[in-house]
Amino acid sequence: MLEQAVIYTFVAFVLIGGGLAAFSRQILYAIIGLGISLLGLAGLFLNLGSPFVAAMQVLIYIGGITVAIVFAMMLSIAMSIRPPDPDARKLGFAIACAVIFFGAVAHLIRGAQFQQIASPASEKAWSVGALGHALLTHYNVVFETLSLVLLLAIIGAILIARKALPKENS
Amino acid sequence: MKTDIIQLFENPYLALGVSIAVIMAYLSVNAIMLIWLERKLSARIQRRIGPQRGPFGLMQQIFDMGKLLSKELLTPKHANKLLYVIAPILVFAPVVALSSLFPITSTYIFHDFNIAIVLILAISGINVIGIFLAGWGSNNKYALLGAVRSVAQNISYEIPLILSVIPIVMITRTMSLYDITLAQETYPFILVQPIALIIFIISATAETNRAPFDIPEAESELVAGFHTEYSGMRFGLFFFAEYSNMIFACALATVLFLGGWHGPFLPDAVWFFIKVYALIVLMMWFRWTFPRLRFDQLMKFAWVVLVPLSLINLLITTLVLKIV
């Protein structure tokens with residue numbers, strides 16, 4: 001009974017935070033919403049018996065990414081300006097993207113053949129050693145691809161930030 | 001043999017409640033005593049006498065507590081009410097949550113968590129958000145400036161902090177604080193990782209926003225930084241959080257580098273606390289000895305000195321571990 005309540009509390013965190021992140025007009029609230037949502041997700045991981053993934057979720061997404069967004073925001077003027085009124089075309093495009101993505105993921109989840117297991121996976125299967133071993137052997141290609149994607153993102157971010165420089169100098 | 005205190009209770013929620021109560025009680029008393037110690041120490045360093053009410057000036061803190069508790073909680077008119085109220089809790093809560101992880105004695109611990117170090121690094125990052133919300137929610141330019149500085153500083157010094165912890169994990173091949181302490185039975189890791197300890201102490205001082213890294217609350221520039229608009233017990237929570245973060249950082253340094261509870265003659269817990277409070281006195285000594293850094297000096301020190309140094313230390317540790 002209490003465990004159910006805990007799970008639904010985390011689900012509520014995820015949904016409310018997500019809603020706040022998506023619909024808030026003030027960018028700071030959107031970031032806080034994102035943080036709440038990610039915290040709820042970490043709670044769900046914890047509930048699924050994987051404290052390591054939960055801790056990583058908090059370390060990377062809340063301690064890293066959310067704080068980095070806060071940092072980026074406070075160095076820009078985004079915090080003090082009034083947000084522009086929503087553009088119907090952009091809104092429609094965003095809703096279409098969201099619906100397509102949701103549909104695809106929902107379709108995948110519905111089609112997946114989940115195996116009913118008697119007991120949750122043992123702590124050993126989720127242990128740091130097992131995860132590290134799996135990442136560097138069986139899932140090596142995925143792991144390396146992801147790091148390449150991150151490298152590309154970093155280079156892209158630098159490029160975007162760089163473009164403004166010559167204009168200011170001239 | 002170790003016993004988890006949490007497992008002594010039948011009901012896990014009761015265990016949780018009792019643990020939180022014990023930790024909160026300890027942290028509150030500790031903060032009061034540390035403020036007294038800091039005032040006495042600073043007075044001695046500056047050739048003053050310091051607080052004098054009661055025996056050794058101890059009553060001064062009790063009176064100060066009474067003052068803080070009975071003060072009216074003012075909320076500025078233009079502040080963002082919700083963020084303003086939540087922020088001090090967000091700053092104080094992580095430290096309470098994490099204090100249960102420390103193995104104070106070899107026999108009784110709250111809970112031996114096998115990923116304790118990841119958890120500590122993860123959750124201690126949350127109080128940055130609390131500080132930022134405090135500064136932003138107060139709707140005051142000094143508070144906002146202090147918060148901006150604090151976030152920049154915390155992000156920068158978190159990297160050398162994490163990099164200085166990794167060598168210990170590599171040596172011991174465990175992330176449980178209990179096992180790390182056990183691994184130091186013959187010699188503490190200060191002997192093999194002295195550079196990591198120095199980087200850790202410097203970064204931890206910066207993370208707790210204490211002088212010489214106290215530019216987020218530099219009183220001569222920013223009134224009181226991010227907590228300028230706070231009064232009464234809400235201000236008290238920031239104050240408590242600072243001293244609790246101090247003891248938390250020193251306890252972590254004790255476990256990682258100074259051998260935790262290991263020591264001759266005296267009982268486990270006594271050794272643990274001797275080491276922790278020695279480090280705290282060291283941090284207080286820093287505060288009353290070094291002048292405050294300028295902001296660019298501070299950032300430069302983190303990125304140009306500490307990060308490369310910790311990376312080199314990590315590299316050397318890796319090579320040595322590979323060869324040996």
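The structure presented is a predicted model; accordingly, all values stated were derived computationally and were not measured. Proteins come first, then strands; the chains are lettered A, B, ... in the order of their sequence lines, and each starts at number 1.
- With a 4.5 angstrom heavy-atom cutoff, A:Ile32 touches chain B only via side-chain atoms.
- Looking at B:Ile155, the atoms closer than 4.5 Å to chain A (heavy atoms on both sides) all sit in the side chain, from C-beta outward.
- Of the two parts of B:Leu119, the backbone and the side chain both hold a non-hydrogen atom closer than 4.5 Å to a non-hydrogen atom of chain A.
- Interface summary for chain B: among A:Ile62, A:Val58, A:Ile31, the most heavy-atom pairs under 4.5 angstrom belong to A:Val58.
- Heavy atoms of B:Val128 lying under 4.5 Å from chain A belong exclusively to its side chain.
- Every side chain to side chain contact (heavy atoms under 4.5 Å, CB included) that A:Tyr61 has, sequence neighbours left out, goes to A:Leu38, A:Gln57, A:Ile65.
- With rounding to the nearest 0.5 Å, the separation of CZ in B:Phe132 from OG1 in A:Thr66 is 12.5 Å.
- The minimum heavy-atom distance between A:Ala55 and B:Ala122, with the atom names listed, is O-CB, 3.4 Å.
- Shown here is A:Phe13, whose CZ atom has no more than 12 heavy atoms of other residues, nucleotides or ligands within 6.0 Å.
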